[in-house]
Amino acid sequence: MALAPAGSGGESVIAEVEMNAGADQGGATVRVTVVQASSVFYDTPATLAEKLMAEAAGYGSQLILFPEVFIGGYPHGSTFGLVVGNRTAKGKEDFRKYHAAAIDVPGPEVSRLAALAGKYKVFLVIGVVERAGYTLYNTVLTFDPLGKYLGKHRKLMPTALERVFWGCGDGSTIPVYDTPLGKIGALICWENRMPLLRTAMYAKGVEIYCAPTVDCMTSWQASMTHIALEGGCFVLSAVPFTRRKNYPPPPEYNICVIISPSGTVLAGPNYEGEALLTADLDLGEIIRAKFDFDVVGHYSRPEVLSLVVKTDPKPAVSFTSDAEKTFAGKRDEVSKTT
């Protein structure tokens with residue numbers, strides 16, 4: 001566990017007036033854990049990870065974050081047999097197995113995860129491969145300590161070859177949940193590099209910003225620090241720790257980290273192996289950071305720069321009832337005669 005350091009200790013030349021002297025200005029403290037562990041590829045039941053949740057809950061953690069697509073796994077190195085103009089039979093079979101390891105939302109695995117969140121009385125944020133018919137999505141699910149499934153976020157834009165096997169999310173799944181711990185939201189991996197998507201999260205007031213990923217580059221921590229500073233929020237990022245035995249091919253990558261709104265690293269990274277990184281979040285630091293920079297508040301210029309977020313779902317097929325068609329036709333006739 002790591003906590004934010006105290007101030008420099010230097011004395012002010014001019015004494016500052018203490019506002020609301022005697023009041024509790026520190027605010028609440030929230031204990032969180034990010035899980036640095038591996039999926040069990042093609043074995044969804046074995047990846048539900050109750051042991052890791054129990055261990056984190058034993059630390060007194062109130063929120064637990066798991067990595068990107070922890071359930072279902074990230075198919076590092078796989079091409080699914082794709083070359084321009086052709087897909088191989090083996091690649092199609094690889095996709096069939098990957099599809100089989102994904103989960104339906106809602107579905108039995110979601111119910112099981114909700115039960116585990118309720119059992120250990122934690123907020124649970126976990127990456128899954130979601131199966132919706134024959135399309136897969138890179139999705140984050142959130143659960144509360146009462147065992148309730150709160151909702152999901154689908155990755156808005158898969159990265160590079162991910163677009164071959166994952167569909168794109170839309171504006172209907174960019175939630176920020178108002179909870180007793182603070183406002184919790186999540187974006188996945190490189191969509192955290194999308195400035196307008198981050199701005200939408202800031203506008204919703206996110207305070208505990210979850211960023212599950214598989215990015216193993218050293219630049220990732222710099223991105224997380226920037227988001228913490230830009231958004232005036234705590235940033236939690238969870239990455240798998242993977243060995244050859246866990247699933248093919250054999251990458252080894254890990255850079256889980258917890259960063260405060262001032263940019264201070266509170267816990268991690270751990271480069272040694274699987275780990276649970278835990279930190280206490282002083283929620284009063286959010287207000288202190290917003291005093292410096294509030295990206296969608298006092299530091300915004302909406303008369304110059306503004307953002308419109310379309311939150312309605314965009315289905316590929318929609319059906320209109322006969323009554324609605326009749327009404328629409330009459331409305332068009334009226335508009336033509338006026």
### Pairs involving residues 112-124, ordered by first then second residue, that meet side chain to side chain donor-acceptor pair (under 3.5 Å) (sequence neighbours left out)
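Residue pairs passing side chain to side chain donor-acceptor pair (under 3.5 Å), neighbours aside: Glu50-Arg112, Glu50-Lys119, Glu50-Tyr120.
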### From CA spacing to verdict: side-chain contact (heavy atoms from CB on, under 4.5 Å), Leu124, Thr142
CA-CA 6 Å; Leu124 171 63; Thr142 302; over 6 Å; no
What closest approach, in Å, do [X] and [Y] show between heavy atoms, and which atom pair accounts for it?
X      : Y      : value
Ala117 : Asp144 : CB-O, 3.6 Å
Thr213 : Cys189 : OG1-SG, 3.0 Å
Gln62  : Thr29  : OE1-O, 3.9 Å
Ser39  : Gly73  : OG-CA, 3.8 Å
Glu68  : Pro212 : N-CB, 3.4 Å
Arg154 : Ala132 : NH2-CB, 3.9 Å

Does the side chain of [X] reach to within under 4.5 Å of the side chain of [Y], using non-hydrogen atoms?
X      : Y      : answer
Phe70  : Val128 : no
Phe66  : Val34  : no
Leu281 : Ser260 : no
Leu113 : Met53  : yes
Trp166 : Met157 : no
His99  : Leu136 : yes
Leu236 : Tyr209 : no
Phe234 : Ile286 : yes

[X] side chain to [Y] main-chain N or O, any donor-acceptor pair under 3.5 Å?
X      : Y      : value
Arg131 : Ala102 : yes
Thr79  : Gly81  : yes
Asp104 : Pro106 : no
Gln36  : Val239 : no
His153 : Thr173 : yes

### Task
Please determine if Glu93 and Lys90 form a salt bridge, counting it only when a charged side-chain N lies under 4.0 Å from a carboxylate O.
no
### Query
Are Asp170 and Lys314 within salt-bridge range, i.e. N to O under 4.0 Å?
no
### Counterpart residues, side-chain contact (heavy atoms from CB on, under 4.5 Å), relative to Lys310 (two or more places apart)
Asp312
### Query
When you look at Thr278 and Thr33, which way does the side chain to side chain donor-acceptor pair (under 3.5 Å) test go after all the steps?
CA-CA 4 Å; Thr278 301; Thr33 292; 2.7 Å; yes
So how far is it from [X] [atom1] to [Y] [atom2], rounded to the nearest 0.5 Å?
X      : Y      : atom1 : atom2 : result
Glu285 : Cys233 : CD    : SG    : 11.0 Å
Cys168 : Asn138 : SG    : CG    : 11.0 Å
Phe143 : Tyr177 : CZ    : OH    : 9.5 Å
Glu55  : Ile64  : CD    : CD1   : 10.0 Å
Thr199 : Leu307 : OG1   : CG    : 6.0 Å
Leu82  : Asp94  : CG    : CG    : 12.0 Å

### Task
Take Ser237 and Trp220 through the side chain to side chain donor-acceptor pair (under 3.5 Å) test and state the conclusion after the steps.
CA-CA 9 Å; Ser237 186; Trp220 182 253; 2.9 Å; yes
### Task
Begin from the C-alpha positions of Lys155 and Glu162 and carry the test salt bridge (charged side-chain N to carboxylate O under 4.0 Å, His left out) through to its verdict.
CA-CA 11 Å; Lys155 191 173 184 179; Glu162 292 175 358; 2.8 Å; yes
### Task
Could you go through the side-chain contact (heavy atoms from CB on, under 4.5 Å) check for Leu63 and Ile184 one step at a time?
CA-CA 10 Å; Leu63 184 152; Ile184 301 170; 3.5 Å; yes
Are [X] and [Y] connected in the hydrophobic side-chain network, where two residues link if heavy atoms are under 4.5 Å apart?
X      : Y      : value
Leu116 : Val35  : yes
Ile103 : Tyr137 : no
Val176 : Met224 : yes
Leu150 : Val32  : yes
Phe123 : Leu283 : yes

### Task
Please test His226 against Gln221 for side chain to side chain donor-acceptor pair (under 3.5 Å), starting from the C-alpha separation and ending with a verdict.
CA-CA 9 Å; His226 172 78; Gln221 185 170 323; over 6 Å; no
### Message
side chain to side chain donor-acceptor pair (under 3.5 Å), that's the test. Do Glu109 and Thr44 meet it? Break it down for me.
### Response
CA-CA 9 Å; Glu109 291 86 2; Thr44 296; 5.8 Å; no
### Message
One pair to check against side-chain contact (heavy atoms from CB on, under 4.5 Å): Ile71 and Ile126. What are the steps and the verdict?
### Response
CA-CA 8 Å; Ile71 295 176; Ile126 187 167; 3.9 Å; yes
#### Entry: Evaluation steps, side-chain contact (heavy atoms from CB on, under 4.5 Å), between Ile227 and Asn192
CA-CA 8 Å; Ile227 291 170; Asn192 286 285; 3.9 Å; yes
### Option from Pro75, Ser78, Pro158 for which side-chain contact (heavy atoms from CB on, under 4.5 Å) with Phe165 holds
Pro75
#### Entry: For Lys183, salt bridge (charged side-chain N to carboxylate O under 4.0 Å, His left out) partners two or more places apart
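Partners of Lys183 under the salt bridge (charged side-chain N to carboxylate O under 4.0 Å, His left out) test: none.
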### Task
Taking the six-membered ring for Trp and the full ring for Phe, Tyr or His, determine whether the centres of Phe80 and Tyr98 are under 6.0 Å apart.
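Distance test on ring centres: under 6.0 Å, yes.
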